[in-house]
Protein chains: 2
Amino acid sequence: MAQRKSLKNDACPMARSLDIVGDQWSLLIIRDAFDGMKRFGEFQQSLGVAKNILADRLKNLVHEGVLDLAPASDGSLYQEYVLTAKGKGLFPVVVGLRHWGEAHLYAKGEPHSVLVERESGKPVPKIALRMRDGQALTPEDTFVKKLPAKKAAAH
Amino acid sequence: MAQRKSLKNDACPMARSLDIVGDQWSLLIIRDAFDGMKRFGEFQQSLGVAKNILADRLKNLVHEGVLDLAPASDGSLYQEYVLTAKGKGLFPVVVGLRHWGEAHLYAKGEPHSVLVERESGKPVPKIALRMRDGQALTPEDTFVKKLPAKKAAAH
DNA sequence: CCGTATCCATTCCGATACTG
DNA sequence: CAGTATCGGAATGGATACGG
């Protein structure tokens, strides 16, 4: 009865997203996947997470269609976890979290890893939200249009 | 011993970000704050979360400088929770999660709330990641430049 | 090397009752 | 209305041990 409230059927897309990646590990796994990691052991070593929960999270991400299982590219008999198109769609979220952390969570001069462009080696520019007319978009420029709330939906 | 691994000192900005907002509720609270909610009861009703956890999360977000306590704008004697500049910096993350959910988590024709521009009432355009030269940026165009890993840091 | 299975401590979460 | 206090069940997370 005290189980986590499922947001799978929420009327808010953000809530549904968080139902899948809204935990401590999933987005870190996805980060590492963007970083080229594919093998169980790579994730395990990178994250320092217990193997049982790593297995659990990977399974869930595969189930949700964020990761896909593919035969190993090298000779080994195991499978690899690769991002699906759906998974790659999380790239802006990953980059957004990274940029926010860079901007607000480090002391001045404190070093951290950086996402850079492959060719130039220079940092990826900050995300710029734009309106339809191309102007910068601030939170105040927007609001959420909710559902008509027919019966008892979208509480 | 089985306590959540703190990522506060991680060398990856994304990890630090998740240390603050990487749970089920924080980003939903922030979403509602962007949506104009300020009062304890508003969050409580919107999220349907137990009051003790809501209080805990709000306290933590205030402590982390994402929300700020301000005297009530109306006559009431209670305080209000408002986004700080740091908190508003999460807007791209919120929008990114929303867009990802819209694109991948709904059946065709299934209704959901939409983030729209205040003036036109039209949906906010999708986030476009760009390289420094203005071209579209894909995950493959990037890599993470990690720290030199001096001693035993950035494990 | 890739997981699965088990044990145990801690944390999370929901429901409820309670104070001011 | 805005929280705090408490309780119990569920999930999380770490540390192994074990099998393919």
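The analysis underlying the following values was restricted to heavy atoms, covering all of them including side chains, and did not include hydrogens, waters or symmetry mates. Proteins get letters first, then strands, A, B, ... in listed order; numbering begins at 1 in each. Bear in mind the structure is a predicted one, so any value in this text is a computation, not a measurement.
A/F43 comes within 4.0 angstrom of no nucleic acid atom, judged by non-hydrogen atoms across all strands. Among the atoms of the strands shown, none is found under 4.0 Å from any heavy atom of B/D56.
With A/M14 as the fixed residue, the side chain to side chain contact (heavy atoms under 4.5 Å, CB included) test singles out one of B/L97, B/V93, B/L105, B/I30: B/L97.
Contact annotation: side chain of A/D23 to base of D/dT12, donor-acceptor pair absent below 3.5 Å. Remark: the B/N52 side chain and the D/dG3 base include no donor-acceptor N/O pair separated by less than 3.5 Å.
Between A/Y81 and A/F43, the angle of the ring planes goes over 60°, which puts this pair in the perpendicular group of the 30/60° scheme.
The CG atom of A/D19 sits 14 Å away from the C1' atom of D/dA11 (whole-angstrom rounding). Taking atom CG of B/L54 as the reference point, atom P of C/dC13 lies 12 Å away to the nearest angstrom. Look at CG on B/L7: it is 13 Å from C1' on D/dG13, rounded to the nearest Å. The distance from atom CG of A/L61 to atom C1' of C/dG3 is 16 Å, rounded to the nearest whole Å. Rounded to whole angstrom, the span from the CD1 atom of B/I53 across to the P atom of D/dA10 amounts to 15 Å. When the C1' atom of D/dA2 is taken as reference, atom CD1 of B/I29 falls 15 Å away, rounded to whole Å. The distance between atom CG of B/L47 and atom C1' of C/dG14, rounded to the nearest whole Å, is 14 Å. If you take CD of A/Q45 and P of D/dG14, they are 16 Å apart, rounded to a whole angstrom.
Between A/R31 and B/A15, the closest heavy-atom pair is NH1-CB, 4.1 Å. Scanning both residues, A/T84 and A/G65, for their nearest heavy atoms gives OG1-O, 2.6 Å. Looking at every heavy atom in both residues, A/E64 comes nearest to A/I20 through OE1-CD1, 3.6 Å.
With DNA chain D read from its 5' end, the first of the two nearest nucleotides for A/Y78 and A/R57 is the one closest to A/R57.
Contact between the side-chain N/O atoms of A/K59 and the OP1/OP2 oxygens of C/dT4 is found at a separation under 4.0 Å. A sub-4.0 Å separation between OP1 or OP2 of D/dG13 and a side-chain N or O of A/W25 is present. Not one side-chain nitrogen or oxygen of A/Y81 sits closer than 4.0 Å to the OP1 or OP2 atom of C/dC2.
Distances were taken from every side-chain heavy atom of B/K51 (C-beta onward) to each of C/dA17, C/dT4, D/dG13; the shortest belongs to C/dA17. Closest to the A/R39 side chain, of the nucleotides C/dC2, D/dT12, C/dA17, is C/dC2.
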